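To start, the structure itself, in structure tokens.
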Protein chains: 2
Amino acid sequence: MSQRNTGVTPQVVNAHACPVREVLDRVSGKWSVQILVAAAHGPIRFTELERGIEGISRRMLTLTLRNLERDGLVTRTVHPTVPPKVEYELTPVARELHETLLRLTGWAERNRVYIAESRAAYDTEHEPELVDV
Amino acid sequence: MSQRNTGVTPQVVNAHACPVREVLDRVSGKWSVQILVAAAHGPIRFTELERGIEGISRRMLTLTLRNLERDGLVTRTVHPTVPPKVEYELTPVARELHETLLRLTGWAERNRVYIAESRAAYDTEHEPELVDV
DNA sequence: CAGAATCCGCGTAGATACTG
DNA sequence: CAGTATCTACGCGGATTCTG
């Protein structure tokens, strides 16, 4: 394959069967969701996203935006000015998804403590292997 | 750290700030969601999951189940019989999440065609670099 | 400002073999 | 049946450098 790693996700292979996988493939990736959330308030510029997301690299922002654009979840509008100005905006389809993402976030916040405690408990029970070596 | 790659996800580092990241970290991983969905109908055995999920390796099933158990999303019940019988079941917290996951799935099914077409269109426009080399 | 290109480490996941 | 152990790879993602 001529695939010289363009950064556009391949993983096309087994995306056939399960719709669940498709969503997750679309929404997964370390930054997709945060971008979708950040862009939900309206058109947003590249640099605004970069500074708003905290921890994202320029490269990853670009790549993730490309993939979201490719999937029809964001639009990319270039304003031919000097200096250049590029705005990203959610498509209607992505906006539907955004509502669902808010539910996910809500769930996370409600159960964040529970999960943390579960983890702590599990780790306590399951690492007596560190006795001494 | 003594972390000898037990398979239990580390990535604890930047899970502090954003609740969004936390959820996704919890639910991401190639198989988590499918397992949660598969186990939603009630207690389910290891092998049933293995055959129901299609494409998952025994190793990944084990690791993912461990992590879900660690986060308090599934319970693991061992029946001391011969041959052994182990059943996994969603916790109440995971069941709440399951409802949200159904919304995600719904979104995926409604927009699957749209996304596929968007991809196709994007790929058509953006790979004229394969002209001849 | 908004990227593209390159280099590279690390973790996630697959394949395979062994066990209580 | 329900795992564990080991070895390996490939793709994600970070850091850095260069451009229109």
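Note on naming: letters A, B, ... go to the chains in the order of the sequence lines (proteins, then strands), and numbering restarts at 1 for each one. Please read these numbers as outputs of a predicted model, since none were measured by experiment. Every heavy atom of this structure was used, including side-chain atoms; hydrogens, water molecules and symmetry mates were not.
To the nearest angstrom, P of dA9(D) lies 16 Å from CE of Met60(B). The nearest whole Å value for the distance from the CD atom in Glu87(A) to the P atom in dG3(C) is 12 Å. Here dT4(D) presents its P atom at 8 Å from CG of Leu63(B), a figure rounded to the nearest Å. Atom CD of Glu48(A) and atom P of dC1(C) are 11 Å apart (whole Å). Leu49(A) places its CG atom 14 Å from the P atom of dC1(C), with the value rounded to the nearest Å. For Ile53(B) and dA13(C), the CD1 to P distance is 13 Å, given to the nearest whole Å. Rounded to whole angstrom, the span from the NZ atom of Lys30(A) across to the C1' atom of dC12(D) amounts to 9 Å. Distance CG (Leu61(B)) to P (dA13(C)): 13 Å, rounded to an integer number of Å.
Within the 4.0 Å cut-off from OP1 or OP2 of dC1(D), not a single side-chain nitrogen or oxygen of Arg58(B) is found. The phosphate of dG14(C) (OP1 or OP2) has a side-chain N or O of Ser57(B) nearer than 4.0 angstrom. The shortest distance between the side-chain N/O atoms of Arg59(A) and the OP1/OP2 oxygens of dC12(D) is not below 4.0 Å. Side-chain nitrogen and oxygen atoms of Arg76(A) include at least one within less than 4.0 Å of the OP1 or OP2 phosphate oxygen of dG3(C). Between Arg45(A) and dC1(C) there is no side-chain N or O to OP1 or OP2 distance below 4.0 Å.
With respect to Glu96(B) and Arg110(A), a salt bridge is recorded, a charged nitrogen being found less than 4.0 Å from a carboxylate O.
Cluster annotation: Val113(A) and Leu104(A) are assigned to distinct hydrophobic clusters (Ile/Leu/Val/Met/Phe/Trp/Tyr, side-chain heavy-atom contacts under 4.5 Å, transitive).
Relative to the side chain of Thr62(B), the nucleotides dA2(C), dG3(D), dA2(D) differ in distance, and dG3(D) lies closest. Which of dC1(D), dG3(C), dC1(C) sits closest to the side chain of Thr47(A) comes down to dC1(C). Nearest nucleotide to the Pro84(A) side chain, out of dC1(C), dA4(C), dA2(D): dC1(C).
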Assess the residue pair Asp71(B) and Arg119(A) against the criterion (side chain to side chain contact (heavy atoms under 4.5 Å, CB included)); give the C-alpha distance rounded to whole Å, side-chain angles, the decisive distance to 0.1 Å, and a yes or no.
CA-CA 5 Å; Asp71(B) 291 341; Arg119(A) 283 185 159 226; 2.7 Å; yes
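Mapped onto DNA chain D by nearest heavy atom, Thr64(A) and Arg51(B) fall at different nucleotides, with Arg51(B) at the one closer to the 5' end.
For the pair His126(B) (side chain) and Tyr122(B) (backbone), a donor-acceptor distance under 3.5 Å is present. In this structure a side-chain-to-backbone donor-acceptor pair under 3.5 Å is present from Thr91(A) to Gly72(A).
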